[in-house]
Amino acid sequence: MLVEMKHIYKSFANNHVLKDVSLRINEGEICALLGENGAGKSTLMNILGGIHQPDKGDIYLDGNKVVFDGPAHPINLGICFIHQELNLINDLPIYENIFLESEYKSGFRRVKHTYMIQETQKIFERMGVDLDPRTLVKNLDSSYKQIIEICRAVIMEASVIIMDEPTTSLTDSEIERVFAMMERLKEQNVGIIFISHKLKEVMEVCDRYTVLRDGKMVSEGQVADVTTKDLARYMVGYDVRTDKLVREREKGAEVLRAEQLTCEQKFRDISFSVYEGEVVGFTGLLGDGRSELFQTIFGADKITSGKLYLHDKEVKIRSTMDAIKHGIGYLPRNRKENAIIKDMDIVENSAIASWEKYARWGIIQHAVHKEKLSELQKTLKIRMGNYSNNITSLSGGNQQKVVLAKWLSTNPKVLVLDNPTQGVDVGAKEDIYDIILRLADEGIAVIILSSEATEILRLCNRTYVMYHGHLQGELTGEEMNEQTMMELATGGAASISVS
Amino acid sequence: MTEQNTNVMVRFLTWFKHNWSNSPLFSIFIALIVMVILQTIVLGFDYPTFGDWFQSWINNWLNILRNNASIAIVALGMTFVIMTGGIDLAVGATLVTTGALAMTLLDATGNGLLASMGITGWGAIVITIIVVIAFGYLLGALIGVTVSRGMVPPFIATLGAMMVFRSVTQHYMQGASPRVPSEFLLISNLKIGDYMIMPIIYWLVIAAIMYYISKHTTFGRQIIAVGSNERAARLSGINVKKVKFWVYALSGVLVAIAAIIQVSRIGSMDFAGSGRGMEMDAIAAAVVGGTSMMGGRGFILGTVYGMLIIAVLNNLLNLFGVPPLLRDAFKGAIVIAAVLLQRKEQTS
Ligand SMILES: Nc1ncnc2c1ncn2[C@@H]1O[C@H](COP(=O)(O)OP(=O)(O)OP(=O)(O)O)[C@@H](O)[C@H]1O
Ligand SMILES: [Mg+2]
């Protein structure tokens, strides 16, 4: 199906988000939609998904004009939307989530559970996913959820699939599988719109690209004709650096030490230490347990055994509040579920972790928090309207920046950042890296959890690699390269010795 | 109509439409105004002078407010509970239990607990107030611990508590007919000028405090965070258990205050019937006022409006002579209509 969006305009109150944008998706083609955070990508796709109505402009399917009257309409016409923020029903098993729309179509007819389970199993085999279709979605990690959303689009046999940042919480091996799937869909003449801030992926899988800046289309063409550098420049308007940023600093005192931390079923026997002014990476594949490890250290889960030392003194962290009082900050992955309070405004979302710290007699110091946010808004370049707007009115990347601001304003001594640049554009990513390096210069121990090898290599002085809840190895200096990291992450032994 | 007039009309309509669809409180407020107008019309204008009419209008209103003050205070506590995503079905039972304690302590028929210890007069009244409020806190805290530490779903925990509290109270108070000393009645019946408005003052003061708490304190905002996304709240360093504990404890305290007001208004209490259905009215007031049963969204001001709407409705049903057994049908319909109204503005 050929989809054309012509001269689309859209504004929210006084915020003119889309200004005369046209987009064309051909059959059997993967089209990248690029742009900075807040450029209007998701808004444009929300219009194609029937969630928003355009103020002006038309949509044509195979040359016929259509006006969508709700999100169900495009689905019936074969347009499937994988949202930036995941949209699965937590209390249903995987297979029912995958068949959600089609199940509705069957009305009161008997739901065929065995059939749905079998079909789900089939698609999992094709995707190389090792999961029981009967697992409840709420027991899944966010990366599995993303994969399930993708499977859902495949099963619906859509003729156009919109993927709004489908790979933000996936690791390289799953991304490869998703790409293989996309190639197969392409052969079946499905048109795909692919939104991503990871330009390497775009180069790998897309045919054509369209770049939005400030709601206008600024560039368009064949991916084969450009480099990632070009794409980055089109998006932000200047050349984005790609060099290594690691800085050697005097090794300070030890801040955090873990000794044989164990949490049954999640991780086992983890010992490591982190020093002042260090940027330490933790990496691994899906299911390596690094997020669980640091959520436990942060007090969100109970430690089964093992000891934790802060500044050489043993501490028992029983709650997240304890952790914050001890100067630990933890920015979780998957912001929609773990970080965003959708019923609160922007300032509150940025201040929630430091309310207690600044409060006098339990009264929140709104003015202090506003001031902090306005400072951080400048350094992080958060694009927002009014501070009192709801957090959900921000674009995905800008929400992520607000979550980062929340942790920066607690002034932590140890800052754990779990996938900190999830959905952040190429320009803003560099700003965040600068902030991380500056924090380290100030003597703060920064721990970065990431599955992006380049992120780790560019920023970290040292890296731990995890595999199935075990610490597989520690890498520094020359050894720290993509290949060794991959070897350890897939279960290889730490046999590479320092010469 | 002149062009200028049309212009003003258009501007007003745009303003109205904007607020109607963007501010939940606005639509509730409009509904309240409609109710007030209805109430005024039903009261009639058949008076010799404007002064007479105004006097009777005021009196009618003060009556409505006074009659609903204690349940309105309960509804304020209920709002916080619902904002965390919970529910408190035990408020009616807590009211009877704390009321019974107040009367047992103060009984002027010769069996009063405090009198038997030689404490009488205002001293006894002050002690009673303190003890009853502390007892309300205790009952609320019991529920709070069950919900926050014991992880028992609020519906179950408070349903159970409701049955326990009510049954124990009824058992121990059967046959008893305590009477409170006349000074105690002053708590609600003291006249300010010509008006008996103490209950209304308590209500407004507590509503103001609750409003402040909900907007400007860490506790108040943490309630929203917990109700909206408990996991994210915990990962932001909020002590979720503490917040949950305190909303139930606070609800208990407010119910105890409501019990004191209720007892001191008429000097007696029906231990079998008092507070029955109160939880439903309190929930209704909160829901009509825009509080979401899913948690995360709620307005103290909305609950005040919601309570007023329900109170006026009660009064109107009375004035229209609707048979008592049919009145709940109207109330139920209004609650559903109010929620439908808000639902519409959310999706559009
Ligand atoms: N419902 C809404 N109400 C008000 N403003 C909105 C709403 N949705 C989006 N916006 C605004 O529209 C602009 C574009 O947002 P959009 O989500 O389309 O950005 P995006 O290109 O997808 O960015 P990202 O890469 O961060 O996901 C932002 O400035 C955002 O604040
Ligand atoms: Mg987006």
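The chains referred to below are lettered A, B, ... by the order of the sequence lines, with proteins before strands, and numbering in each begins at 1. All values below were derived from every heavy atom in this structure, side-chain atoms included, with hydrogens, water molecules and symmetry-related copies excluded.
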Tell me, for [X] versus chain B, whether the close heavy atoms (under 4.5 Å) come from the side chain, the backbone, both or neither.
| X | result |
| --- | --- |
| A:A323 | neither |
| A:K336 | backbone |
| A:E337 | backbone |
| A:W407 | side chain |
| A:I340 | backbone |
| A:Q365 | neither |
| A:I352 | both |

Item checked: Aromatic ring pairing B:F29/B:Y305, orientation class (parallel under 30°, perpendicular over 60°, tilted between) ->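 Rings of B:F29 and B:Y305: tilted, 30 to 60°.
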Cut-off 3.5 Å, side chains only: do [X] and [Y] have a donor facing an acceptor?
| X | Y | value |
| --- | --- | --- |
| B:D88 | B:Y248 | no |
| A:S291 | A:R333 | yes |
| A:S388 | A:D345 | no |
| A:N398 | A:S395 | yes |

[X], part contacting chain A, at a heavy-atom distance under 4.5 Å:
| X | value |
| --- | --- |
| B:K241 | neither |
| B:E230 | neither |
| B:I213 | neither |

Next item on the list: Kindly compute the distance separating CD1 (A:I324) from NZ (A:K357), expressed to the nearest 0.5 Å.
Entry: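 Output value for this atom pair is 10.0 Å.
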Next item on the list: Could you grab the distance from atom OG of A:S350 to atom CD1 of A:I382, nearest 0.5 Å is fine?
Entry: 7.5 Å
